[in-house]
Amino acid sequence: MTDKSEQAGQAAGGSPGADGSACSPAKPDDAAIPETAGGSLTGFRIGVTSDRRSADLIDALERRGAEVLHAPVLKIAPIAEDAELVRETRELIAARPDYLLVTTAYGMRRWVESADAHGQGEALTEVLENASIYVRGPKARGAVRAAGFTDDGISEDERTSTLVDSVLETGVDGCTVAIQMHGHADLDDIARLEAAGATVITVSPYRWVVPEGSAEKVEKLIDAVVSGGLDVVTFTAAPAVDALWSAAHERGRYWELVQAFQTNVVAATVGPVTAQPLQDVGIDPLVPERFRMGAMIRQIVEYLSDRGTQRCTTAFGELSIRGSQVTLGKESAELGPSQLALFRAIADAEGAVLSRADLIEILPEGQGDHALDMAVSRLRQSLPNAKLVATVIKRGYRLNV
């Protein structure tokens with residue numbers, strides 16, 4: 001690899017990282033996110049589902065005051081001894097494809113490194129130099145150029161479907177199209193190419209597997225989402241969403257989980273590809289305009305700062321509810337999930353009476369008058385002032401305004 005190609009790769013955005021796809025996240029472009037008082041995440045609880053380089057994301061969130069629950073649902077399997085990748089590379093070299101579709105920078109780099117390690121580097125280079133290479137986004141382009149190749153087209157919106165559109169426009173009938181996969185199969189796009197007369201071969205430089213010992217953490221994440229114990233859950237890979245759905249199915253909690261994301265808990269994604277499996281089930285996630293982890297963090301900060309703080313006037317002064325934190329004057333208190341759900345409902349009513357029946361429906365831990373009485377008692381003990389919740393005899397409870 002020459003200095004010239006390295007410089008070209010860097011200029012094209014060839015640093016490691018998330019590109020709005022199933023590729024694992026990069027170190028966030030954190031310097032671009034101002035750490036001002038308005039950017040604080042104090043009082044908010046955020047779930048992180050990524051494994052690779054998750055420490056960067058967690059550090060960025062915690063530095064802003066967030067409480068983070070880390071539950072990696074997938075990780076990238078090592079390829080040091082990946083006989084399957086060696087076989088796929090051998091078959092691609094023999095097929096001499098007319099086109100190569102590069103979907104992730106990380107996958108391209110890992111593939112080249114594996115080929116060099118297994119004595120396939122020179123043959124792979126010769127084949128790819130004679131192929132028409134299309135890339136999905138600037139980071140994939142950077143990785144291709146850093147490896148010493150040039151590309152003939154780019155998907156400006158960083159979607160695989162748009163990349164396939166570009167190749168289909170050139171005419172692929174009778175051609176061989178190779179696709180560098182990003183951890184899971186794009187079956188629809190493969191079918192489109194085959195329907196146009198192409199022979200499709202795939203190479204998977206990395207694969208997703210469930211991390212050892214993650215089951216308990218994932219179950220805790222599902223519990224926290226369903227109970228309203230999290231404000232936001234982050235996703236940096238589309239397969240991670242599918243893995244979470246699968247884990248919820250196994251526990252009989254899939255519909256509970258989906259409903260929680262549709263109503264109370266915000267899903268934040270690194271780009272449109274990651275967002276798609278959430279949108280498919282009616283969830284409206286945060287999707288940054290710039291498909292990077294730093295942009296996702298910025299959007300979380302802006303969203304929670306704008307919509308995550310509830311303010312109202314009470315008989316004891318100004319009250320704010322920011323995430324799990326309730327502040328009255330100079331006193332603050334942290335509420336648990338059930339307490340928070342109950343108090344938010346009472347605060348939303350702005351002094352109107354909420355019936356016991358309505359409040360019982362809100363309780364995540366079960367129904368019944370006794371459960372409600374206990375929950376209100378615990379809530380009052382946790383608040384900065386117990387008198388914030390007033391009893392209306394034989395009717396219910398209200399905020400003391």
Q | Residues in side-chain hydrogen bond (donor to acceptor under 3.5 Å, both in side chains) contact with T202, at least two apart in sequence or another chain | A | none
Q: Taking atom CD of Q262 as the centre, report whether more than 12 heavy atoms of other residues, nucleotides or ligands fall under 6.0 Å from it.
A: yes
Q. Are any non-hydrogen side-chain atoms of T160 and S155 less than 4.5 angstrom apart?
A. no
Q. Which residue pairs pass the salt bridge (charged side-chain N to carboxylate O under 4.0 Å, His left out) test with at least one member in residues 212-221, sequence neighbours excluded?
A. E219-R251
Only pairs under 3.5 Å count here: list side-chain donor-acceptor contacts from residues 123-132, not counting sequence neighbours, and write none if there are none.
{"from": "T125", "atom 1": "OG1", "to": "G121", "atom 2": "O", "distance (Å)": "2.9"}
{"from": "E126", "atom 1": "OE1", "to": "R96", "atom 2": "NH1", "distance (Å)": "2.9"}
{"from": "E126", "atom 1": "OE1", "to": "R96", "atom 2": "NH2", "distance (Å)": "3.3"}
{"from": "E126", "atom 1": "OE2", "to": "R96", "atom 2": "NH2", "distance (Å)": "2.9"}
{"from": "E126", "atom 1": "OE2", "to": "N130", "atom 2": "ND2", "distance (Å)": "3.3"}
{"from": "N130", "atom 1": "ND2", "to": "E126", "atom 2": "O", "distance (Å)": "2.8"}
{"from": "S132", "atom 1": "OG", "to": "D152", "atom 2": "OD2", "distance (Å)": "2.7"}

Q | Spacing of CZ belonging to R378 relative to CG belonging to L335, to within rounding of 0.5 Å | A | 12.5 Å
Q. Taking the side chain as C-beta and beyond, is there a heavy-atom pair between L193 and Y99 under 4.5 Å?
A. no
Q.
Just verifying a value: how many Å separate E88 CD and R90 CZ, rounded to the nearest 0.5 Å?
A. 11.0 Å
Q) Are the charged groups of R356 and D373 less than 4.0 angstrom apart, N to O? A) yes
Q | Residue from L286, V233, T236, L278 passing side-chain contact (heavy atoms from CB on, under 4.5 Å) with T269 | A | L278
**Q.** Close side-chain approach of Q120 and V86, heavy atoms under 4.5 Å
**A.** yes
Q | Residue pair T327 / P384, side-chain heavy-atom distance below 4.5 Å | A | no
Q. To the nearest 0.5 Å, what is the distance between OG1 (T49) and CG (L244)?
A. 7.5 Å
Q. Taking it one step at a time, do L340 and I321 satisfy side-chain contact (heavy atoms from CB on, under 4.5 Å)?
A. CA-CA 9 Å; L340 185 61; I321 307 173; 3.9 Å; yes
Q: For S166 and T162, indicate whether the former's side chain and the latter's backbone hold a donor-acceptor pair under 3.5 Å.
A: yes
Q.
Is it the case that over 12 heavy atoms from other parts of the model lie below 6.0 angstrom from the CD atom of Q259?
A. no
Q) For the side chain of Q180 and the backbone of T104, is there at least one donor-acceptor N/O pair under 3.5 Å apart? A) yes
Q: Step by step, work out the side-chain contact (heavy atoms from CB on, under 4.5 Å) result for I201 and E91.
A: CA-CA 8 Å; I201 56 177; E91 291 179 357; over 6 Å; no
(Q) Please report the interatomic distance CG(D284) to CD(Q279), rounded to the nearest 0.5 Å. (A) 7.0 Å
Q.
For A275 versus P285, what's the shortest heavy-atom pair and its separation?
A. CB-CG, 3.8 Å
Q. Should the pair R87-E84 be classified as a salt bridge under the 4.0 Å nitrogen-to-oxygen rule?
A. yes
**Q.** ring-ring contact (aromatic ring centres under 6.0 Å, His included) involving Y254 - partner list, sequence neighbours excluded
**A.** W245, H249
Q) So L61 and F44, side-chain contact (heavy atoms from CB on, under 4.5 Å) or not? Walk me through it. A) CA-CA 10 Å; L61 295 172; F44 293 108; over 6 Å; no
Q: Could you pull out the closest heavy-atom pair between S204 and L85, with the gap in Å?
A: O-CD1, 3.7 Å
Q: Quick one: list whatever passes side-chain hydrogen bond (donor to acceptor under 3.5 Å, both in side chains) with T89, sequence neighbours left out.
A: W111
(Q) Between R380 (side chain only) and V389 (backbone N and O only), is there a donor and an acceptor less than 3.5 Å apart? (A) yes
Q | Side chains of V164 and V177 in contact at under 4.5 Å (non-hydrogen atoms) | A | no
Q: Mind listing the closest non-hydrogen atom pair of A345 and L354 along with its distance?
A: O-CD1, 3.3 Å
(Q) If you compare all heavy atoms of V218 against all heavy atoms of A247, which two are closest, and at what distance to 0.1 Å? (A) CG1-CB, 3.8 Å
Q | Stepwise side-chain contact (heavy atoms from CB on, under 4.5 Å) test for V326 and L328 | A | CA-CA 7 Å; V326 176; L328 181 67; 5.7 Å; no
(Q) Are T234 and I297 packed together at the side-chain level, in the sense that at least one heavy-atom pair is separated by less than 4.5 angstrom? (A) no
Q. For R136 and T103, does a side-chain donor sit closer than 3.5 Å to a side-chain acceptor?
A. no
**Q.** Main-chain N/O of R45 paired to D231 side chain as donor or acceptor, under 3.5 Å
**A.** yes
Q | Nearest-0.5 Å distance, CG of residue D223 to CG of residue L230 | A | 10.5 Å
Q: Calculate, to the nearest 0.5 Å, the distance between atoms CD and CG belonging to Q276 and D242 respectively.
A: 10.5 Å
Q) Mind checking whether L388 and N400 have side chains closer than 4.5 Å, heavy atoms only? A) no
Q. Q339 side chain to G336 main-chain N or O, any donor-acceptor pair under 3.5 Å?
A. yes
Q: For M108 and A143, work out which heavy atoms get closest and say how close.
A: CB-CB, 4.0 Å
Q.
Measuring only between side-chain heavy atoms, which start at C-beta, is Q325 closer than 4.5 Å to E67?
A. no
Q) In this structure, are over 12 heavy atoms from other groups packed under 6.0 Å from E318 atom CD? A) yes
Q) Distance-only, no hydrogens or angles: does the S54 side chain make a donor-acceptor pair with backbone N or O of D51 under 3.5 Å? A) yes
**Q.** Residue list, salt bridge (Lys or Arg N to Asp or Glu O under 4.0 Å) with D98, at least two apart or on another chain
**A.** none
Q. Considering all heavy atoms of both residues, which atom of A347 and which atom of L399 are nearest to each other, and what is their separation?
A. CA-CD2, 4.2 Å
